[in-house]
Amino acid sequence: VSATSYGWLVLAFPLAGCIVVSLLWDRLPGRLSGWIASGAIFGAFLSSIGMFVKIQDRPEEAKSLVDTAWTYAATADFKVGLTILVDPLSVFMCLVVSGVSFLIHVYSVAYMTGDRGSSRYFAYLNYFVLSMLLLVLAGNFVILIIGWAFVGAASYLLISFWYRRSTATYAGIKAFVINVIGDVGLVIAAFLLLDKTGSLDYAGIFGAADNVFRVDDGTLVAACLLILLGAFAKSAQLPLHTWLPDAMEGPTPVSALIHAATMVTAGVYLIARMHPLFEMAPTAADISAVIGTATLLFAATVAVVTTDLKRIIAYSTISQIGYMVLGVSIAAYGPGMFHLMTHAFFKALLFMGAGSVIGAMSGLQSIDRMGGFRRAMPFTFVTFTIGALALSGFPFTAGFFSKDEILGFAIARGGGYVVLAVIGYAAAFLTAFYAFRMVFRVFFRNPVPEARELEHGHPAHHEPQNPATGEPEDPDVGFPGPEHVIAERSWPMKAAMAPLALLALLAGVLQVPGIDEAVDKFLEPTFADSRYADVHPSTGTEWIELGIGGLLALAAIALAYFIYIQRRELRLVIRERFDAVHSFLFHKWYFDELYDLLVTRPFAAMGRFGRNVVETDFVQGTIVGGATGVVRVGSSFARAIQTGYLRGYALLLALGVAALALYFLISSS
Amino acid sequence: VTIHLSIVLFLPLAAALVGALLLPAPAMRWLVLAATVGVLAYVVVMLADFDSGSGGLQYVTDDEWISELGIRYQLGVDGLNLFLLALTAIAWVPCTLWSVFREHERPKLYFFMLALAETAVLGAFMAQDLALFVVFFDLMLVPFYFLIGGWGTGDRVRATTKFVIYTLAGSLLMLAAAVALGVLSTPEGGQISFSIAELTRRSTGTGTQEWIVLLFALAFFVKAPLFPLHGWIPETYRSTPLPVLALLSGVLSKVGVYGFLRIVLPTMPEGAQHWQELFIVVAVFSILYGSVLAFSQDNVRLVVAYSSIAQLGFITLGIFSFDDKGAQGAVIQMVNHGLVVVPLFLIIGVIAVRAKGSESLRELGGMAFRAPVLAALFLIVTLATLAMPGSPNFVGEILILFGTLEDKLVYGLVASAGVALAAVYMIRVYQRTMHNRVGPAVESRDLDRLDFVTIAPLVGVIVALGVYPQFVLHRSEDAVKDKVQVATRQSPGS
């Protein structure tokens, strides 16, 4: 079996899972649909390992394989096959995507127990993973765009999974529309590249790019910026990030899936995949790096004041993706992809922990209502804290090696990139602070009633309601099911969280500076053509940079401990003292309000104008009125002619048909 | 020369005549349905048998009809109309099936009109003689006039009147244009001819071409319709019975734009070039205007109505991009739009039944609650309508956009905004009908077996074409290229 055959298998498993669960949706008892879906993703994971093994066997310069199943669409110079590309980058992505997704599926089996729409849930979930795998395996722009849009559609379906909640369906539409804007960007970028290079295949484009484009060629920069439009829409970078916090309306495992292994990392993957173009268009790459940095700072500041547990983690995701975007934009491909992987581990873990806590709170999500869950939920506490440590970049956890390596690389690039690195370090301090703000406020201090009851073995139960608006709900299809599940009482959730906790702690060993750097080495064939292949901080410098990051993390955790545990009254004092800043951050820098003013309202006004003025006055009034007016001029005479004419006309046509039929019968005999 | 096309063409009408004269009403419906299935079977065989290597006409029928006027009974199939015939055949089966199981007043007349309409539309697509095309084009009007006037809902008199005035005006313009083209292209002492192949060989002066093209365009734009000639749309769409509306919007609207490729571009290339810029502007404006209006409608039918204006704008844009990709995209998009609009209207019918007849977005919602299968089918149709990548509509739109961007970058960029807008209005419809709280008028229940059998096969065709759009491209490429090349070729005189 060749590597590409495994590649097709990677796609075939989730496709089959999705189809089976969809068609048998009402015939699968209990958790069976969940297990079928999990099995499908496990199959994809095993196939990814198959790809990995096969590709490791191949010589260094022959690690990029292309295979076409059939011609998808070919006319004139538009020639596209259903083509996959198997190379170290796509294999790496497949491993991360399928591996983490598999654990999220297992977690979901328990989490969605009792939800009346669970078959639909797992069909969507498999479809989501299929889309993401198609995206990373695509061998040309059109298949990429298909995978890209499939991910958007799947996210729409999953975000508005509880479809009777209007907050959820609104969030779904927001995500979908912003993603479509990104899709359009990719389509136009694909056109520009086809127009200049005559190809839509990656190999064809990259091969021709050197000859067709000068460095910083206008068309190329435009194409790269359009690619960034797609990447930023999907990866929730400024200013297209607003859909992601709202996407928390979906079930918590969906948040884990969207935010950890799939979807938001697609933009990072895309920039890495397009690196030959971005390296020839340094202007676009720099814009990307600056936006990534701005995003990572922006989102970290918002995460510090947000009170919804899932939204804190959501802003954290936006911020962490900012680090990855910065990484791949400054040619730190290995560190960027490595951070993508470690982030997938600890972010999935954090969401799973949050899901468990929200289960214990019977659906409530505000950290103002939480506290003291440490004793009631020891397993969740330990794993969540491990996730928070890794997110903070606590020394020797996975995040410690990955995040600071990106910043180290920025410093090695020198010049203005050092400024970006400094901002990155500042945001890293905020990151550790908000991570432990969550830990201290949720798990420490006095237990809230829900936690105390749970310690006595009574899980909380509130009347089902929308956590955002407080509207009452029922537990039938379209709303969350009646059962709230916590990790302590459910082995599939534990089974999913435990390996992630281990990986969040230990995955750093893959990439210890000066010792192994396994990820860099594995990915090297994909990035061998990079112009910056020799830019790399020395091992000594790298350890110093890691040290700075580690110290910042420790300091921030200490500060969080001081504010949230030792001197609790400080929190309110600070908030009052800096009220303006707090409210600016709390309103997320007023992006939603800005878009409402600049986009939503003008658009709605245009619609009203069209309906009330153009349609009624112009089209119906002037044009139709004019036509009927002309008819009315002759009054009864005209009307008589008109109706008389009509009748005659119809008769004539009927006769014509009859004559035609007759003639035909005669002539053919 | 074969007789096949004539059999396909007159099968529905013959069945309807036989049924109307010899059979009781219940049996007649089944005979008409059988005829539509027969047409479909014939077309499927034709799809398989079609020689995709040739850009020329196949299954040609060519006889004299009215020799004094040079009008011939000339039918033929090439890559340009093959899939439009297929669309017609595919669309008529579910719409007839839908009608068979519902009670109608004067059922015989209803089914006769339905069958006559199919013959007329097939004829318009098959005709290779301009006069024959005009005959069938006008013949289409008659059954729809009766179907809307006789079986419509609401203010159907006003709707019918408007529909007739508009389309009649268009038909007369086209009749005038066709006659003018035939007469003015006749060389000194030569015999008048309306054969499209002959008209392509003959040439008329550039000035003459310009005004004749304009007349054709007015007729086709009304039929499509494009902004600002869409005034008949709101009333007609509100009043037309749904299966008839599905055919009107899904199939009939394509006859006009098809006419551009079949008649206008080959016979009057210079005239077409003259108006290229104007028609592109009309197309782009229709895309934006239709999208914005679709977004602000409350009646589900009208959302689809205005979205059709936008979609027909895309198709027109592709044709007048004068680019192989653009025109190819237009052809596949004609088919795709029909394939999504027919199930859309049938689904609207299914929805209305579950909402005490309401089609207002304000009163709908939460339909998915007890109707997961309906929601799933509607979802696929919705995503295809908004041209999500992976759907056949995406292939159509991307080709149209690529074709336009090549020479008309700015128009292409503006048009691409229409792609994003489509996502907004279609997903809004899906949300407001299937999702959110269960609406006040809504009683959710799933598709019954009959509705499923009517709608699901159409969804199956959409999915199949999404997986393998090359099936269409491969068979239509040569013919389309041929038309575009004629249009862009400089005339020998200039």
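Treat the numbers as computed from the prediction; the structure is a model and nothing was measured. Letters A, B, ... are given to chains in the order of the sequence lines, protein chains preceding strands, and every chain is numbered from 1.
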Between [atom1] of [X] and [atom2] of [Y], what distance do you get to the nearest 0.5 Å?
X      : Y      : atom1 : atom2 : value
B/Y430 : A/F176 : OH    : CZ    : 11.5 Å
A/L192 : B/L409 : CG    : CG    : 7.5 Å
A/D476 : B/F369 : CG    : CZ    : 4.0 Å
B/H435 : A/F161 : NE2   : CZ    : 10.0 Å

Evaluate the side-chain proximity of [Y] to [X]: yes if any heavy-atom separation is below 4.5 Å, no if none is.
X      : Y      : result
A/D77  : B/F402 : no
A/T169 : B/R432 : no
A/Y72  : B/P469 : yes
B/V373 : A/W25  : yes
A/V187 : B/S416 : no
A/F78  : B/D324 : no
A/W70  : B/V467 : yes
B/I398 : A/F191 : no

Which one wins on heavy-atom pair count under 4.5 Å against chain A: [options]?
options                        : result
B/V438, B/L386, B/L399, B/V472 : B/L399
B/S291, B/A294, B/A368, B/G366 : B/A368
B/L473, B/V480, B/L401         : B/L473
B/L405, B/L413, B/V419         : B/L405

Who pairs with B/Q470 by side-chain hydrogen bond (donor to acceptor under 3.5 Å, both in side chains), at least two apart in sequence or on another chain?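 Not a single residue meets the side-chain hydrogen bond (donor to acceptor under 3.5 Å, both in side chains) criterion with B/Q470.
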
Kindly write out the residues that satisfy side-chain hydrogen bond (donor to acceptor under 3.5 Å, both in side chains) with B/E406, not counting sequence neighbours, or none if the list is empty.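 Listed in chain order: B/K325.
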
Trace of the side-chain contact (heavy atoms from CB on, under 4.5 Å) decision for B/M388 with A/V180: CA-CA 9 Å; B/M388 192 179 83; A/V180 167; over 6 Å; no

Is there a donor-acceptor pair under 3.5 Å between the side chain of A/Y163 and the backbone N or O of B/Q431?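 Side chain of A/Y163 to backbone of B/Q431, a donor-acceptor pair under 3.5 Å: no, none is there.
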
